[in-house]
Undergrad: 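Attaching a single structure in C-alpha cells format; questions to follow.
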Amino acid sequence: MRLVTWQLTLKLPLNEMMADLVGISLCIKPGHACYIPLSHRENNNDLFGAEVLVSGQLDFETTLSLLRPVLEDESILKIGQNMKYDAKILLLLGINISPIDDTMLLSYSLNAGLHNHSMDSLSERYLNYKPVPIKSLLGSGKAAITFDRVKIPEAVQYAAEDADITMRLWCLFKSELHKKRVTNVYENLERPLVPILANMELTGIKVDRDILSRMSNSFAQKMASLEYEIHELAGETFNLGSPKQLGEILFEKMKFAGGTKGKAGAYSTGADILEDLSTEHALPGLVLDWRQLAKLKSTYTDALQEHINKNTGRVHTSYLISGTNTGRFSSSDPNLQNIPIRSDEGRKIREAFIAEPGFKLVSLDYSQIELRILAEIAGIDELKKAFRSGVDIHALTASEMFDVPLEGMDPSIRRQAKAINFGVIYGISGFGLARNLRIPRAKAQAFIDRYFERFPGIKVYMDQTKEFAKEHGYVQTLFGRRINTPNINVKGPHSGFARRAAINAPIQGTAADIIRRAMIRMPYAIKDLPAKMLLQVHDELIFEVSDDAIDKTISIVKSVMEKAGEPAVKMTVPLTVEAGVGQSWAEAH
DNA sequence: CATCTCACG
DNA sequence: ACGTACGTGAGATGC
C-alpha cells in the first residue's frame with residue numbers, strides 16, 4: 001500500500017459547512033512534503049484594489065480531478081490528523097476519501113486518559129518540535145486574516161510542515177498499536193466512525209427558528225418579572241447573573257447561614273444551596289427560577305438560533321471522537337448532547353427540533369445500558385436474571401436492600417434504590433450518596449454496606465478493577481478499549497477521584513463501545529430505507545425517517561442496536577432498546 | 001482566561 | 001484525616 005499524509009488549508013476553519021478550500025499539502029515520507037495553493041487571494045494592484053486570485057496557483061477543478069482518483073484509490077492510504085474534518089470538506093466536493101488513517105485516533109486508541117490528542121501537543125510530546133502556530137500567520141483578534149490571505153511562501157512552510165508532522169506521528173503510532181494490543185480498537189471502534197460522523201454532521205437536524213424565538217421572548221418576560229420581585233425582596237438592585245453579588249446579598253445583607261466555599265473565597269450559590277435556603281425565604285427560590293430561565297434562554301433558545309445554517313436551515317453539530325477519557329463522543333458548536341429534558345420548561349426546547357414534512361424523528365435509546373453492563377462485567381446473577389425477566393431493576397434493588405415486596409412499593413424507597421444504583425456506577429462513596437439523597441452520611445454508608453452485603457460481586461468487581469488499575473496504569477472495556485489511569489497510584493486528597501474514575505471507566509466505556517458498534521453497522525443496515533441517522537446522545541440515536549418507513553426502520557435499527565455487542569462479545573444480559581416517534585424531538589423521546 | 005453555574009447521559 | 005459521586009460543553013462574570 002502506498003501512503004500519503006494529507007492536510008487541507010481552509011478559509012473558515014471553524015465551520016466546515018462554509019469553509020472554502022484554499023490549499024492542500026501532501027507528504028510521502030518524513031521530510032518530503034509539498035503544498036498545492038489553490039485559492040489564495042490578494043488585492044488587485046489597480047486603482048480599485050479588488051480581491052483577485054494570486055497568480056501562479058493550480059486550477060481548482062483540474063487539481064481536484066487529478067486528486068480524486070488518488071483520494072478514492074483503495075490501494076493508497078490517506079493519513080491525516082482529525083480526518084473527519086477533511087472527509088467533510090471532500091464530501092461537499094463529491095469525493096469519498098478512502099482508505100484513511102487518523103493520527104488523532106491512533107493517539108486516542110493508544111493513550112486515552114494520558115493527554116490530549118491535538119497535533120500541536122502530539123508534535124511537542126513525541127517529536128520534540130513546536131509547530132508554526134497558526135496565529136503567527138493569521139494574527140489574532142480583530143486584525144486576524146483568513147487563510148486565503150496568507151502569502152503562499154508562508155502557507156507552504158505552515159501546511160507542508162503539518163503534513164510532515166502527521167507522517168512522522170503516524171510512523172510512531174502505527175507500530176505501537178499491536179504492542180499495546182489496541183489494533184482492534186483502532187480499526188473497528190475508532191476509524192470506521194470517521195465517515196459515519198462526517199455524514200451525520202453534514203446532514204444536521206432541522207430546527208424551527210420561530211419556535212425558539214417565541215420561547216426566547218416568553219423567557220425574557222418571565223425573567224424581567226422575576227428580577228423585579230427579587231430586587232424588591234432584596235431591597236436593592238443587583239446583577240442577578242453575578243454569583244458574587246448574589247452571595248453578598250444572601251450571606252451579608254440578608255444574613256443567611258452558610259459560609260464561603262470556593263477557592264477564590266467567594267460565596268457558593270449553587271442550586272443545592274439555594275434549594276436549602278428556599279425553605280426559609282422566598283428569594284432563593286425565585287433566583288432558582290430566574291437562573292433556570294436565564295440558562296434556557298442564553299444557552300438554548302438564543303444561541304441555537306445562531307447555529308441554524310443559512311443554506312440548510314439545519315443545525316450541524318461537531319462530534320469529537322477523541323474528546324473523552326472513556327470512549328464517549330463529545331458534541332460542540334453547538335453541543336446537541338445536552339439539550340434540556342429534565343424540566344418541563346426545558347423540554348419544550350426539543351419541540352424546535354423537527355423533521356422535514358413527510359418525515360418523522362425517531363429516537364431509539366438503550367434502556368439502563370450501564371447497569372446491564374455492570375451486571376455483565378461483574379457477573380451478578382441476580383441482576384442478570386432480573387434483566388432477563390424484565391423486572392424493574394431499581395425496585396428489585398430496593399426489595400433486596402430493604403426487605404420489602406416488589407409489588408406496591410413505596411416510590412420513595414425505589415427512588416433511593418435508584419440513587420444507589422447510579423452511585424454504584426460512579427464508584428459510590430458514603431459522602432456522595434448522602435449529598436445526593438440528602439440523608440446523614442452514616443445512613444448513606446449503611447445503605448452502601450447493605451448493598452455490598454446483598455451484591456457481594458459488585459464489591460469484588462470494584463476492588464479488582466482498582467487493583468488492576470494500580471498494577472497496570474489502565475483499565476479496559478469489554479471490547480479492549482484502554483483507558484489510562486495515570487493518577488491511580490498518586491497518594492493524597494485526590495486519590496478518591498482516580499479510584500472512582502477507574503471503576504466507572506470500564507462501564508461507561510463499554511456502553512460507548514456498544515453504541516459505536518451499532519453506529520458503524522447502521523449505514524449498511526438502513527441503506528435501502530428512506531432514513532438518515534442524525535444524532536447520537538451517548539445511549540440514544542436519533543433518525544429522520546420517511547412517514548412510510550417508520551415501522552420497518554425501527555425494527556431494523558432496534559435489532560442492530562440490541563445485537564451490537566455480537567459477535568465479539570456474547571452478552572449474557574439482554575440489551576433492550578426503546579423507540580419513540582414524533583414530528584419533533586420532544587414527541588419522539 | 002479562570003471561575004462559577006448548569007444543561008445532558 | 002482527608003474531601004468526594006462518573007463523563008462532558010457553554011454562557012456570564014470579573015480579574
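The chains referred to below are lettered A, B, ... by the order of the sequence lines, with proteins before strands, and numbering in each begins at 1.
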Undergrad: Which pairs with one or both residues in residues 474-488 of chain A pass salt bridge (charged side-chain N to carboxylate O under 4.0 Å, His left out), sequence neighbours excluded?
TA: A:Glu190-A:Arg481, A:Arg481-A:Asp513

Undergrad: Near DNA chain C, which residues from residues 448-470 of chain A have a heavy atom under 4.0 Å away?
TA: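 When residues 448-470 of chain A is checked for heavy atoms under 4.0 Å from DNA chain C, there are no hits whatsoever.
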
Undergrad: Write down the atom of A:Ile520, the atom of A:Asn188, and the distance for their closest heavy-atom approach.
TA: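 For A:Ile520 versus A:Asn188, the nearest heavy atoms are CD1-O, 3.2 Å.
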
Undergrad: Mind checking if A:Ala505 touches a base, just sugar-phosphate, or nothing, with heavy atoms under 4.0 Å?
TA: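 No contact.
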
Undergrad: Applying a 4.0 Å non-hydrogen cut-off, can you work out what A:Gly241 is touching in the nucleic acid: base, sugar-phosphate, or nothing?
TA: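 Sugar-phosphate, no base atom in range.
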
Undergrad: Go through DNA chain C in 5' to 3' direction and return only the first and the last nucleotide with some atom under 4.0 Å of chain A's heavy atoms.
TA: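 Result: C:dG3 to C:dC15.
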
Undergrad: Select base, sugar-phosphate, or nothing to describe what A:Ser330 touches, counting heavy atoms under 4.0 Å on all strands.
TA: sugar-phosphate

Undergrad: Taking the six-membered ring for Trp, are the ring centroids of A:Phe468 and A:Tyr474 within less than 6.0 Å of each other?
TA: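 Between A:Phe468 and A:Tyr474, the centre distance is under 6.0 Å.
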
Undergrad: Sequence neighbours left out, what passes side-chain hydrogen bond (donor to acceptor under 3.5 Å, both in side chains) with A:Arg342? Give chain and number order.
TA: none

Undergrad: Establish, from distance only, whether the side-chain atoms of A:Ser331 and A:Thr317 form a donor-acceptor pair under 3.5 Å.
TA: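 Note: A:Ser331 and A:Thr317 side chains meet the donor-acceptor criterion.
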
Undergrad: In whole Å, measure the gap between the P atoms of B:dC6 and C:dA5 for me.
TA: 15 Å

Undergrad: Reckon A:Arg441 touches a base, only the sugar-phosphate, or nothing at all at heavy-atom distances under 4.0 Å?
TA: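 The answer is base, as A:Arg441 lies within the cut-off (heavy atoms under 4.0 Å) of a base atom.
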
Undergrad: Evaluate A:Asp120 against A:Ser118 for side-chain hydrogen bond (donor to acceptor under 3.5 Å, both in side chains), listing each step before the verdict.
TA: CA-CA 6 Å; A:Asp120 284 3; A:Ser118 73; over 6 Å; no

Undergrad: Touch check for A:Asn325, heavy atoms < 4.0 angstrom, all strands: base, sugar-phosphate only, or nothing?
TA: sugar-phosphate

Undergrad: Taking distance alone, no hydrogens or angles, what donor-acceptor pairs closer than 3.5 Å link side-chain atoms of residues 536-543 of chain A to residues at least two apart or in another chain?
TA:
residue	atom	partner	partner atom	Å
A:Gln536	OE1	A:Gln337	NE2	3.1
A:Gln536	OE1	A:His538	N	3.0
A:Glu540	OE2	A:Ser363	OG	2.7
A:Glu540	OE2	A:Trp585	NE1	3.3
A:Glu540	OE2	A:His589	ND1	3.0

Undergrad: What does the B/S/- profile of nucleotides 4-9 of chain B look like, 5' to 3', with a 4.0 Å heavy-atom cutoff to protein?
TA: SSBBBB

Undergrad: For A:Ile393, what residues pass the side chain to side chain contact (heavy atoms under 4.5 Å, CB included) criterion, not counting sequence neighbours?
TA: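 With neighbours one apart ignored, the set is A:Gln368, A:Leu371, A:Leu383, A:Ala386, A:Phe387, A:Leu396.
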
Undergrad: Given the rule that a pair is Watson-Crick or G-U wobble with both distances under 3.5 Å, how would you write DNA chain C in dot-bracket, using | for pairs to a different strand?
TA: .....|||||||||.

Undergrad: Decide if the gap between the ring center of A:Tyr451 and the ring center of A:Phe447 is smaller than 6.0 angstrom.
TA: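 That pair fails the under 6.0 Å test.
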
Undergrad: Using heavy atoms to find the nearest nucleotide of DNA chain C for A:Ser242 and A:Ile425 separately, return the residue whose nucleotide is more 5′.
TA: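 Closer to the 5' end of DNA chain C: A:Ile425.
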
Undergrad: Does anything in residues 246-277 of chain A pair up under ring pair (Phe, Tyr, Trp, His ring centres under 6.0 Å), and if so which pairs, sequence neighbours excluded?
TA: A:Phe251-A:Tyr267, A:Phe256-A:His281

Undergrad: For A:Lys206, what residues pass the side chain to side chain contact (heavy atoms under 4.5 Å, CB included) criterion, not counting sequence neighbours?
TA: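 For A:Lys206 the side chain to side chain contact (heavy atoms under 4.5 Å, CB included) partners, ignoring immediate neighbours, are A:Arg314, A:Ile354, A:Glu356, A:Pro357.
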
Undergrad: Can you give me every donor-acceptor pair (side chain of residues 486-499 of chain A, partner residue at least two apart or in another chain, under 3.5 Å) with its distance?
TA:
residue	atom	partner	partner atom	Å
A:Asn489	ND2	A:Lys470	O	2.9
A:Ser495	OG	A:Gly492	O	3.2

Undergrad: For a quick check of understanding: with a heavy-atom distance under 4.0 Å over all strands, which category does A:Phe431 fall into, base, sugar-phosphate or nothing?
TA: base

Undergrad: Kindly check if the number of other-residue, nucleotide or ligand heavy atoms within 6.0 Å of CG (A:Asp272) is above 12?
TA: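 Result for CG/A:Asp272: enclosed.
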
Undergrad: If we take the P atom in both C:dT4 and B:dT5, what is their distance in whole Å?
TA: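 That atom pair is separated by 14 Å.
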
Undergrad: Show which side-chain atoms of residues 460-467 of chain A pair as donor or acceptor with protein atoms under 3.5 Å away, not counting sequence neighbours.
TA:
residue	atom	partner	partner atom	Å
A:Tyr461	OH	A:Ile503	O	3.3
A:Asp463	OD1	A:Lys459	NZ	3.3
A:Asp463	OD2	A:Lys459	NZ	3.2
A:Thr465	OG1	A:Tyr461	O	2.7

Undergrad: For A:Ala444, which contact category applies under a 4.0 Å heavy-atom criterion: base, sugar-phosphate, or nothing?
TA: nothing

